[in-house]
Amino acid sequence: MSEDLEFKAEDEEDYDEEEVKIPEIKGTKNYMTRACYNRLLAERKNLVLVERPETVQVVAWAASNGDRSENGDYLYGKKRLREIDRRIRFLNKRIENSEVIDIANRPPTDQIFFGATVLFANEQGEESKIRIVGIDEADGSVGDVSWISPIARVFLKHFEGETVLLPTPKGVKKLDILEVTYVDEPPGKPHSL
């Protein structure tokens with residue numbers, strides 16, 4: 001590995017233990033919250049029962065008009081049908097491989113697992129809050145991060161009060177875990193390091 005691409009800590013003395021690495025992901029389950037699961041089901045239902053039949057009607061009408069090679073409604077309709085079918089197949093795979101985690105039924109704990117809302121502070125004392133959610137529901141604008149993201153993987157299985165090390169392109173960041181809660185709503189603001 002070239003020297004300029006290697007990861008180095010700013011203060012080598014503080015990190016003289018093993019190299020700081022992000023924990024690896026094991027397994028291929030598609031974890032998601034109940035709200036995400038219901039949203040995917042509703043989207044699939046809408047595509048199958050509303051959008052696809054409407055598009056099929058448009059294509060049938062356009063095909064009945066004659067010359068299909070120059071018929072914009074027919075060409076667009078066929079393209080839209082392919083897009084809908086592709087999205088339905090994608091949703092079927094995501095739903096089939098999903099493991100729904102019901103955050104509301106989780107017993108209280110100060111350890112970080114899927115669904116946790118984590119309040120943490122960086123080295124400058126600036127506080128941020130994130131919620132660890134599934135891949136299909138991650139939204140950084142409200143503080144929802146995917147469980148496979150680097151920051152979530154660093155936090156997972158740690159406890160309130162602990163300090164974790166997050167490798168970043170600018171060096172290792174020390175993050176203090178201030179509070180761990182399990183609520184089924186986004187934290188409301190993006191996190192910052």
Side-chain angles (χ1 to χ4, degrees), residues 21-60 73-120 128-158 164 166-169 175 177 180-193:
K21 293 184 180 178
I22 295 173
E24 300 216 5
I25 302 167
K26 295 181 180 165
T28 57
K29 292 185 179 171
N30 182 23
Y31 294 107
M32 65 179 65
T33 62
R34 172 74 51 202
C36 178
Y37 182 75
N38 291 340
R39 183 180 53 80
L40 294 180
L41 287 176
E43 182 183 354
R44 181 178 68 178
K45 182 178 180 181
N46 180 59
L47 288 172
V48 170
L49 299 178
V50 178
E51 285 194 46
R52 192 172 196 291
E54 287 175 358
T55 307
V56 166
Q57 279 185 329
V58 169
V59 169
D73 287 329
Y74 178 80
L75 296 174
Y76 174 76
K78 292 295 280 184
K79 179 181 176 190
R80 180 67 184 135
L81 272 177
R82 287 190 301 272
E83 292 169 356
I84 291 171
D85 289 342
R86 186 174 25 252
R87 182 68 181 168
I88 290 170
R89 283 192 306 274
F90 173 79
L91 290 171
N92 284 337
K93 288 179 185 176
R94 300 303 289 171
I95 292 167
E96 181 181 305
N97 296 327
S98 68
E99 181 156 330
V100 179
I101 308 295
D102 215 345
I103 297 169
N105 295 337
R106 179 176 289 285
T109 181
D110 62 348
Q111 190 172 12
I112 300 171
F113 295 108
F114 180 91
T117 299
V118 182
L119 176 65
F120 64 94
S128 298
K129 191 183 277 192
I130 62 168
R131 183 174 64 141
I132 300 172
V133 295
I135 298 166
D136 298 307
E137 54 196 319
D139 181 0
S141 67
V142 295
D144 282 347
V145 297
S146 166
W147 69 276
I148 63 169
S149 67
I151 192 166
R153 292 189 347 224
V154 165
F155 280 133
L156 285 173
K157 297 189 180 174
H158 285 277
V164 297
L166 175 66
T168 69
L175 304 175
I177 302 169
V180 177
T181 56
Y182 288 89
V183 292
D184 204 9
E185 57 189 53
K189 63 178 182 177
H191 68 280
S192 62
L193 301 175

Glu51 side chain to Ile84 backbone, donor-acceptor under 3.5 Å: no

Residue pair Lys129 / Phe120: nearest heavy atoms and the distance that separates them: N-CE2, 4.4 Å

Nearest heavy atoms of Val180 and Ala116, plus distance in Å: CG1-CB, 4.1 Å

From Glu54 atom CD to Leu49 atom CG, the distance as rounded to the nearest 0.5 Å: 11.0 Å

Side-chain heavy-atom pair Phe113, Ile101 within 4.5 angstrom cut-off: no

Arg86 and Arg89, any side-chain heavy atoms less than 4.5 Å apart: yes

CA sep, side-chain torsions, deciding dist, call: Leu91, Leu47, side chain to side chain contact (heavy atoms under 4.5 Å, CB included): CA-CA 10 Å; Leu91 290 171; Leu47 288 172; 3.9 Å; yes

Check: Asn30 main-chain N/O paired with Asn97 side-chain donor or acceptor under 3.5 Å: no

Main-chain N/O of Ile148 paired to Arg153 side chain as donor or acceptor, under 3.5 Å: yes

Trace of the side chain to side chain contact (heavy atoms under 4.5 Å, CB included) decision for Ile103 with Arg34: CA-CA 8 Å; Ile103 297 169; Arg34 172 74 51 202; over 6 Å; no

Any Tyr76 side-chain heavy atom under 4.5 Å of Val58 side chain: no

Exceeds 12 heavy-atom contacts within 6.0 angstrom, atom CD of Glu99: yes

Note, Tyr182 side chain near Thr117 side chain (heavy atom, < 4.5 Å): no

Rounded distance (nearest 0.5 Å) linking atom CG of Asp144 with atom SG of Cys36: 10.0 Å

Salt-bridge present (Glu83, Arg80; N to O < 4.0 Å): yes

Closest heavy-atom pair and its distance - Asp136, Leu40: OD2-CD1, 4.0 Å

Arg106 CZ to Thr181 OG1 distance, which is reported to the nearest 0.5 Å: 12.0 Å

Distance in Å, Ile112 CD1 paired with Ile177 CD1, rounded so as to fall on 0.5 Å steps: 3.5 Å

Nearest atoms (heavy-atom pairs only) where Val48 meets Pro53: O-CD, 3.2 Å

Lys45 NZ to Ile88 CD1 distance, which is reported to the nearest 0.5 Å: 14.0 Å

Distance-minimising heavy-atom pair for Lys157 and Gln111: O-NE2, 3.0 Å

Exercise: identify the closest heavy-atom pair between Ser146 and Ala138: N-CB, 3.7 Å

Straight-line distance of Tyr31 OH to Phe114 CZ, nearest 0.5 Å: 9.0 Å

